[in-house]
There are 2 protein chains.
Amino acid sequence: MELTEARQKFIQGWGQLGASWGINRTMAQIQAVLLLATDPMSTDDIMADLQISRGNANMNIRELIAWGIVYKAFKPGDRKEYYYSEKSMWELAKKVSRERKKRELEPLLKMLDEVKSVKGSSAEAKEFKKVAQETRSMASRAESVLDMVMKLEENRFFKWLLPK
Amino acid sequence: MELTEARQKFIQGWGQLGASWGINRTMAQIQAVLLLATDPMSTDDIMADLQISRGNANMNIRELIAWGIVYKAFKPGDRKEYYYSEKSMWELAKKVSRERKKRELEPLLKMLDEVKSVKGSSAEAKEFKKVAQETRSMASRAESVLDMVMKLEENRFFKWLLPK
DNA sequence: ACAAACTTTCAGAAATAATTGAAAATATAA
DNA sequence: TTATATTTTCAATTATTTCTGAAAGTTTGT
C-alpha cells in the first residue's frame, strides 16, 4: 500500500475513533497528522494537509494543547508557532484518561454525592438509594483502576499481562 | 433532598455521561429511567416520564435492547411490551465494554492491519510504520485488558483491588 | 511608532444529529 | 375475517455541533 493511501486511512480511522469517544473529529485528525509527522508543523501545514480553515485549525490545536497531548515548538529566525504531538502511546493514553476522568468521572461522583441524601422510604426511594449507591461504588472502582494503571510503568504492568 | 429532584439529577447526569461517550443523550436517559424503575415500564410510561415522542422512545429502546442492557417483559392479559434494565452495574459495564470493543477497537485493529503493508523507506514511511505498530500494540493491550477484566468475577477482582 | 507576520475570536453558514408525528406495518382478540 | 391495539418506520422539522473567513488582536523587528 502506498504511504499516501495508508496515511489517509490512518487519519480517517483515528478521526472516527475520536468521534465515537465524544471528541471532535477534526481534533482527532489533527492529532493523527501530528502523530505521523517527522517534524513539528505550522498551522498552515495542518490547514493544507486536512483542507480546513484557519479558525478551525487554530481552535482544535488549542484544544489538543489543553489536553496536554500536543506541544508548541519554535524555530530560530521564524516567528510561526509549530506543533508536535506527544508520541508515546503510553503517555497519550495516560493524558487522555486523566482528562476524561476530570471531565466525566468527577462530575458524576459529585452528582452522586449530592443525591445521596434523598428522603423517603417508598419502593422508589429505596430503589433510588440502591442504584445511586451501586453507581457510586462502580464509579469509584473505575477511578481506582484508572489511578492504578496510570501510575504503573508501561513495561512493569504490561509485560506481566502480555508476556509474549 | 426530595426523590423527584434527586431522580432528575441522576437522569440528567447519566444522560450527560452518555453524551460524552458518544451515546445519544436520550438513550442514556431512558436507561437511567429504567435503572431507577421498580417495575418494567411501557413505551408510554417512558414517553410521559421523559416527555419525548413515540418514535424517539421506540428507536432508543430498541437500541438499548441491541446493546443487551434492556430487556422486554410481558404482562399477562396485556398486549403492551414492557421494558426493564439490566440492574447489575457489573453486568452493565461488561455489556457496554463488549459493545464498544466491537464497534471501535475491532475496526481500528482492522484498519491498522490493512495499513501494515505500507511501502517506502522515507523518513515519513518509517515514522508511519512505527506509529502504526505502536498504535496496534496499544490497541491490542487495551483489548486484552478488557477481555481480562470482563472475565473476572466482580468480587474476586475488586475485593483484591480495593480491600476496604 | 509603524508595519509586517502571525494568532485568536466569533457571528453567520453549513453540516450533522436528534426528534417529531403521522402513516404503515404487525400482532392479537373476538 | 375484521376491528383494535400496539409497534415500527421515515420524511420533514428542529436542534446541535462544527466550520468558515474576515476582522480584531498580538507580537516582533526595524
Side-chain angles (χ1 to χ4, degrees), chain A residues 11-12 14-34 39-67 70-84 100 103-104, chain B residues 11-12 14-34 39-67 70-84 100 103-104:
Chain A
I11 292 167
Q12 279 303 113
W14 200 261
Q16 195 53 53
L17 188 69
S20 54
W21 280 71
I23 286 158
N24 178 309
R25 174 185 262 74
T26 303
M27 177 174 156
Q29 288 180 337
I30 293 177
Q31 212 271 318
V33 165
L34 291 176
D39 302 292
M41 293 172 76
S42 70
T43 301
D44 292 85
D45 296 336
I46 294 168
M47 285 166 62
D49 196 328
L50 292 175
Q51 297 282 305
I52 58 176
S53 72
R54 186 171 302 283
N56 195 8
N58 184 270
M59 260 178 27
N60 285 296
I61 292 168
R62 227 113 301 276
E63 188 67 5
L64 286 165
I65 291 172
W67 278 63
V70 162
Y71 312 106
K72 285 186 189 182
F74 298 91
K75 296 193 185 177
D78 185 345
R79 54 208 242 194
K80 271 208 192 72
E81 290 181 354
Y82 290 80
Y83 309 98
Y84 62 100
R100 297 193 68 108
R103 295 182 188 211
E104 290 147 33
Chain B
I11 292 167
Q12 278 305 111
W14 201 261
Q16 195 53 53
L17 188 70
S20 54
W21 280 71
I23 286 159
N24 178 309
R25 173 185 263 79
T26 302
M27 177 174 155
Q29 288 181 338
I30 293 178
Q31 212 271 318
V33 165
L34 292 175
D39 303 290
M41 294 172 77
S42 70
T43 302
D44 292 85
D45 296 336
I46 293 168
M47 285 165 63
D49 196 329
L50 292 174
Q51 297 282 305
I52 58 176
S53 72
R54 186 172 302 283
N56 195 6
N58 184 269
M59 259 180 28
N60 284 296
I61 292 168
R62 226 116 304 275
E63 188 67 3
L64 286 165
I65 291 173
W67 278 62
V70 162
Y71 312 107
K72 286 188 189 181
F74 297 92
K75 296 192 184 178
D78 184 344
R79 54 210 240 195
K80 270 207 191 74
E81 289 181 354
Y82 290 80
Y83 310 98
Y84 62 100
R100 297 193 69 107
R103 295 181 188 212
E104 291 147 34

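Keep in mind the model is a prediction, meaning the values are calculated, not measured. Just so we're on the same page: letters track the sequence lines, and every chain starts at 1.
The separation between A:Glu63 atom CD and D:dT17 atom C1' is 14 Å, rounded to whole Å. The CD1 atom of A:Ile61 sits 9 Å away from the P atom of C:dT7 (whole-angstrom rounding). For the pair B:Phe74 CZ and C:dT28 C1', the computed distance is 12 Å after rounding to whole Å. Whole-Å rounding puts the B:Asp78 CG to D:dT6 P distance at 7 Å. Rounded to whole Å, atom P of D:dT6 lies 15 Å from atom CD1 of B:Ile46. In this structure, A:Lys75 places its NZ atom 18 Å from P of C:dA5, rounding to the nearest Å. One can place CD1 of A:Ile52 at 14 Å from P of C:dT8, the figure rounded to the nearest angstrom.
Put simply, the side chain of B:Arg79 never gets that close to the backbone of B:Phe74: no donor and acceptor are under 3.5 Å apart. Judged by distance alone, the side chain of A:Asn60 and the main-chain N or O of A:Asn56 form a donor-acceptor pair under 3.5 Å.
Checked by atom type, the side-chain pair A:Glu104/B:Trp21 shows a donor-acceptor distance below 3.5 Å. If you check the side chains of B:Trp14 and B:Gln29, you find no donor sitting under 3.5 Å from an acceptor.
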Quick tally for nucleotides 7-14 of chain D: nucleotides whose base has a protein heavy atom under 4.0 Å get B, sugar-phosphate-only ones S, the rest -, giving BBB-----
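Residues from residues 14-29 of chain B with heavy atoms under 4.0 angstrom of DNA chain C, sorted by number: B:Asn24, B:Thr26.
Contact check for B:Ile30 versus B:Tyr83: no side-chain heavy atoms found under the 4.5 Å cut-off. A 4.5 Å side-chain heavy-atom check between B:Met41 and B:Val33 finds at least one atom pair inside the cut-off.
Residues A:Ala57 and A:Met47 share a closest heavy-atom pair of CB-CG, 3.8 Å.
In this structure, B:Ser42 OG and B:Lys75 NZ are separated by 8.0 Å, a value rounded to the nearest 0.5 Å.
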